Amino acid sequence: MGKTRNSGIAHGTSGSPQETIEQGNLISKVKEIERKQMIQPLIAAGVKFNEKDVLFVTKDQSGQMVWLEKGNDNAGLNHILYGNNKEMGHKKDFEKACGITEDKVPTFLRDVMTKGRIISNELKIMGTKQGFERVYAYNGQYVVVTGIGTNGFIVSAYPRRK
Amino acid sequence: MNIIKIKNEFMHSPLWYCDENGIEWDNEKEFIDFISDSELQSIAKKIEELFNSYYEFESHNQPCWFNEEKEKKDKQQMLALLNQLKDKLNELNDGLVDIEDLETPRVEKL
């Protein structure tokens, strides 16, 4: 029995540059699809958002859709970690209280907000402004407090000792 | 020693009651003199309302927009309130807490 001829379609051999490029393209396509799926609830809700900056979108036990963006000095992840003066953020608080480094904070917040029990949820009205202060259970000694806009945008988050 | 930090944050009083590690601590007993002082809390509320007024949602084509211009315009008003807050804190503090003002240096640079 002779060897079967191949179809004539060029394939790289395992580990070849061609295969690496194909794998890279496939990974990019998968990431693109995942990203589009992630932001779909934001599109459906009709809220304004910065597509390239979205880090996670989830629904917590209040039923509200919430999301985190990379943000800036005053809101979002950058604000959570570094504050609005580079020394006023909660990066070190998350390390001390929760044992997580700054690169893990987005995943940590997503998990706490998705799965965590809500201890309190207060719509605070300050003058003409409204926003939620929502507290999630974390572990025995600490809770995670968040400041969330009425549209679901996560402005701030920090650990609090019970 | 416990710490009271002065720091503005969305939907949070400028007063942060913290443990010795600087993490906010939900323990009223440790800070009762400050929490129960109506004058201090009234000043804190004015600062919180002023700072919250800079946040707008679904505005300027952003999910969350911070009005930096208004914050600059209100600089002297905020500094005056922060000074009042610190004066009252110092009056109430009998040496049991450290007071860390993170906000005044930031506002002064606006």
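Proteins come first, then strands; the chains are lettered A, B, ... in the order of their sequence lines, and each starts at number 1. Please read all numbers here as calculations on a predicted model, not as lab measurements.
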Going only through I, L, V, M, F, W and Y residues with side-chain contacts under 4.5 Å, is there a path from [X] to [Y]?
| X | Y | value |
| --- | --- | --- |
| L50(B) | L110(B) | yes |
| W25(B) | I35(B) | yes |
| V145(A) | F56(A) | no |
| V143(A) | M11(B) | no |
| F57(B) | I43(A) | yes |

Toward chain B, the part of [X] with a non-hydrogen atom under 4.5 Å:
| X | answer |
| --- | --- |
| I148(A) | backbone |
| N74(A) | both |
| V155(A) | side chain |
| K162(A) | backbone |

Nearest-0.5 Å distance that lies between atom [atom1] in [X] and atom [atom2] in [Y]:
| X | Y | atom1 | atom2 | value |
| --- | --- | --- | --- | --- |
| R106(B) | D73(A) | CZ | CG | 9.0 Å |
| N151(A) | C64(B) | CG | SG | 7.5 Å |
| K7(B) | H90(A) | NZ | NE2 | 3.5 Å |
| I23(B) | R161(A) | CD1 | CZ | 8.5 Å |

Within a reach of under 6.0 Å around [atom1] of [X], are more than 12 heavy atoms found that belong to other residues, nucleotides or ligands?
| X | atom1 | answer |
| --- | --- | --- |
| E69(B) | CD | no |
| E108(B) | CD | yes |
| K45(B) | NZ | no |

Given side chains that start at C-beta, do those of K129(A) and E49(B) come closer than 4.5 Å, heavy atoms only?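 No. Closest side-chain heavy atoms not under 4.5 Å.
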With a 4.5 Å cut-off on side-chain heavy atoms, are V47(A) and P63(B) touching?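 Sidechains of V47(A) and P63(B): no contact.
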Under a 4.5 Å heavy-atom cutoff, which of K92(A), E133(A), K96(A), E122(A) has the most pairs with chain B?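 So the answer, after comparing K92(A), E133(A), K96(A), E122(A), is K96(A).
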So which residues of residues 98-117 of chain A are in contact with chain B at a heavy-atom cut-off of under 4.5 Å?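 Heavy-atom contacts from residues 98-117 of chain A to chain B are absent.
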Ring center gap for Y158(A) and H12(B) short of 6.0 angstrom: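 Ring centroids of Y158(A) and H12(B) are less than 6.0 Å from each other.
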Any idea which heavy atoms bring [X] and [Y] closest together, and the distance?
| X | Y | value |
| --- | --- | --- |
| L102(B) | M88(A) | O-SD, 3.6 Å |
| E58(B) | K48(A) | OE1-N, 3.0 Å |
| Q62(B) | N50(A) | OE1-ND2, 3.0 Å |
| Y55(B) | A75(A) | CE2-CB, 4.5 Å |

For [X], is it the side chain, the backbone, both or neither that has a heavy atom under 4.5 Å from a heavy atom of chain A?
| X | result |
| --- | --- |
| N27(B) | neither |
| W16(B) | side chain |
| F66(B) | side chain |
| Y17(B) | neither |

